[in-house]
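Throughout, protein chains are lettered first and strands after them, A, B, ... in sequence-line order, and every chain is numbered starting at 1.
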Amino acid sequence: MGQQYLFWFAQVHDDFRIPELQSVAEIHGFDLHIPQDLDASRPFCILELDHEEHARLLARRCILIRSVCEFYARGSTYEELHERVRQQRPRWSCYIEDTSFKFIVTAYNHTIPQARQREVVESFSYMDFLGKIDMKSPEIIMTCFEEYPDKHGTTRPKDEGDGEFKEVFFGRLIEEGSARPLVKKFDVKKRLYYGNTSMEAEISLLMANQTLAAPGKLIYDPFIGTGSMAYTTAHFGALVFGSDIDGRQMRGKDKQPGIIRAASQYGVAHCIIDLCTFDVTRNPWRCGELFDAIITDPPYGVRAGAKRLGRKSRQDKEQPPTSPQNIAFRRPDDQPYIPPTKPYELSSLASDLVLLARYMLKPQGRLVFFLPTVTDEYEELDVQSMLCDGMEIVANSLQNFGSWGRRLITIRKATTEHFAPPSFEQLDNVAHIPAHKDFREKYFQGFKKSDVEQISELSDQG
Amino acid sequence: MVRLITHNLLACHAKGCTSNNFPLQLKDVQVELRDAEYNADFLRGFISRIEWPALVDAARQLGDTSLPNEPPEMMDDDFLQKLHHVLLEIHIEEGAMICPNCAHVYPISNGIPNMLLAEHEIG
Ligand SMILES: C[S@@+](CC[C@H](N)C(=O)[O-])C[C@H]1O[C@@H](n2cnc3c(N)ncnc32)[C@H](O)[C@@H]1O
Ligand SMILES: [Zn+2]
């Protein structure tokens with residue numbers, strides 16, 4: 001039996017919490033048992049670990065961890081909590097004699113007035129700590145968390161509902177989440193080079209953790225754009241390869257490519273192995289099984305439409321005038337000849353990406369990418385149906401924007417078989433039509449039900 | 001950029017160009033040397049993916065003759081250091097890569113190769 005630990009999570013991306021813990025445990029090669037009934041939408045959770053060191057490793061790498069405590073007790077009232085803390089005496093009695101300490105009383109979704117914070121601290125006086133109180137650098141920090149129900153994400157005024165918490169937790173702090181400050185470090189606005197497709201820092205970091213990025217690994221972004229995930233992946237020690245159909249996205253305006261400038265800012269320029277301009281559906285890779293992971297935000301047309309080499313078919317001309325596809329593909333600065341491109345429908349792009357990953361990844365390698373989807377229409381089958389033999393889902397985390405959302409999908413190559421490169425031929429008779437099909441059109445029509453149906457009828461014929 | 005590791009992984013992919021399309025020939029190249037972080041495990045893991053004669057040839061063309069004709073049985077540190085230098089520290093900044101079979105020219109500018117095909121070259 002291991003020890004129990006209390007995890008406190010940042011108040012964001014709750015669907016990403018457990019996958020991140022599991023990935024970081026895998027990076028460090030230990031097992032993490034997640035109870036079936038765990039409610040990961042709550043900001044506190046209790047997990048059993050074999051070693052305290054594992055808790056520390058998680059807190060140093062998981063972006064979503066605020067802190068980890070040795071867990072003593074929880075309760076729906078303070079009476080209940082104190083009774084259980086008393087029962088746990090053998091766990092904390094070693095600190096009674098001569099350990100400097102401090103108490104922290106804090107809350108989720110609420111600010112506890114100072115006076116009551118003091119009351120709470122005093123209510124623990126039966127613990128009888130004899131060491132000195134040290135507010136600056138105590139040997140131990142005891143933490144008490146009150147969890148309040150979510151009131152539409154707003155913190156309430158100081159006194160409103162004070163004390164009406166859902167549950168209270170108590171433990172000894174063992175490590176603050178030290179990876180969380182990376183969200184500031186990789187802030188897009190402070191980056192020397194970025195564009196309107198750049199991925200926000202926090203998500204880029206979460207994605208990098210899903211790839212199991214570490215020194216000695218080689219990771220590929222086939223739609224690298226301005227390189228947001230290259231920096232976070234390289235920060236964790238991996239070597240990164242990137243390509244994009246549009247050289248200007250990677251270069252920017254200066255002589256030195258924008259991605260290299262931004263990577264230098266983060267001290268990881270030497271980890272960017274190379275950047276190449278090509279259409280990933282017409283790629284020059286000599287062989288497969290090169291990469292430990294593929295990390296990417298595929299183009300789904302809201303900002304940067306998917307395109308591939310080839311002439312548009314006639315029916316594509318009837319697109320709404322606001323569509324980015326109608327803005328002519330301007331001349332890239334790095335080539336004398338601009339090949340024509342045609343749009344690339346999202347559901348075929350997604351299944352092509354899985355096939356490409358199966359070819360390009362080493363066994364056990366991971367594909368980590370976003371799939372936008374229409375919230376009301378999404379079914380589990382949408383994700384299942386883009387898989388192919390040998391590829392299995394590891395995680396599927398929703399970032400919800402209301403009528404639409406995007407899912408961060410993590411897929412593992414669970415086979416050592418060798419596969420041929422994908423043909424990137426459009427399949428004509430697909431058995432299941434996923435809700436992300438024709439996502440771009442649905443997006444520009446505001447996901448109106450009737451329109452959505454019309455579109456899928458249209459594309460069924462086409 | 002365009003390190004020799006990359007040069008060793010790219011083949012001409014023009015329509016119908018499926019044999020003698022690798023290695024791409026280097027033309028009018030400008031080279032820069034830059035330090036990279038040495039990682040022996042990465043090199044040991046990657047060596048099976050390398051087309052050895054192509055790597056040795058490319059390195060020699062650029063004036064580095066440190067690699068043996070065959071990869072040695074014993075991958076000691078001395079060898080791995082040389083391999084590290086050739087694979088990761090030699091950067092082609094300008095010039096072109098040309099297909100030995102169909103003569104397609106893939107230009108390199110500011111370290112980024114343009115591997116896009118023209119319309120008549122896609123299958
Ligand atoms: C959503 S953006 C990726 C943004 C990137 N994560 C960043 O941080 O800027 C998608 C990228 O895919 C590129 N793209 C579109 N179609 C492509 C294709 N067929 N092959 C390669 N790249 C493509 C676009 O030029 C665009 O830069
Ligand atoms: Zn050729």
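To the nearest 0.5 Å, the span separating CZ on F278(A) from NE2 on H13(B) amounts to 7.5 Å.
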Next item on the list: Give the C-alpha distance, both sets of side-chain angles, the deciding distance and a yes or no for side-chain contact (heavy atoms from CB on, under 4.5 Å) between M1(B) and L275(A).
Entry: CA-CA 8 Å; M1(B) 310 289 279; L275(A) 304 169; 3.6 Å; yes
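Other residues, nucleotides and ligands contribute at most 12 non-hydrogen atoms within 6.0 Å of the NZ atom of K27(B).
In this structure, the side chains of L10(B) and C276(A) come closer than 4.5 Å at one or more pairs of heavy atoms. Side-chain contact between R251(A) and S109(B) is present, with at least one heavy-atom pair separated by less than 4.5 Å. You'll find the side chain of F46(B) reaches within 4.5 Å of the side chain of L290(A), heavy atoms only. Side-chain contact between F241(A) and T6(B): present, with at least one pair of heavy atoms (C-beta onward) separated by less than 4.5 Å. A heavy-atom distance below 4.5 Å is not found between the side chains of Q256(A) and N110(B).
Between chain A and the options M115(B), R34(B), E37(B), heavy-atom pairs under 4.5 Å are most frequent for M115(B). Ranking N39(B), I5(B), L9(B) against chain A, the residue ahead of the rest is L9(B), based on heavy-atom pairs under 4.5 Å. Interface check for chain B: of the options N283(A), D292(A), L218(A), the most heavy-atom pairs under 4.5 Å are formed by N283(A).
In terms of heavy atoms, G288(A) sits closest to R49(B) at O-NH2, 2.5 Å. Of all the heavy atoms in I112(B) and M250(A), the pair that sits closest is CG2-CE, 4.2 Å.
Side chain of D279(A) to main chain of L116(B): no donor-acceptor pair is present (N/O by atom type, distance under 3.5 Å, no hydrogens or angles). Remark: side-chain polar atoms of R3(B) are paired, donor with acceptor, to backbone N or O of I273(A) under 3.5 angstrom.
Remark: the R286(A) side chain and the N8(B) side chain contain an N/O donor-acceptor pair separated by less than 3.5 Å.
Using non-hydrogen atoms only and a strict 4.5 Å limit, the part of residues 80-94 of chain B facing chain A consists of L88(B), E94(B).
Both the backbone and the side chain of P215(A) come within less than 4.5 Å of a heavy atom in chain B.
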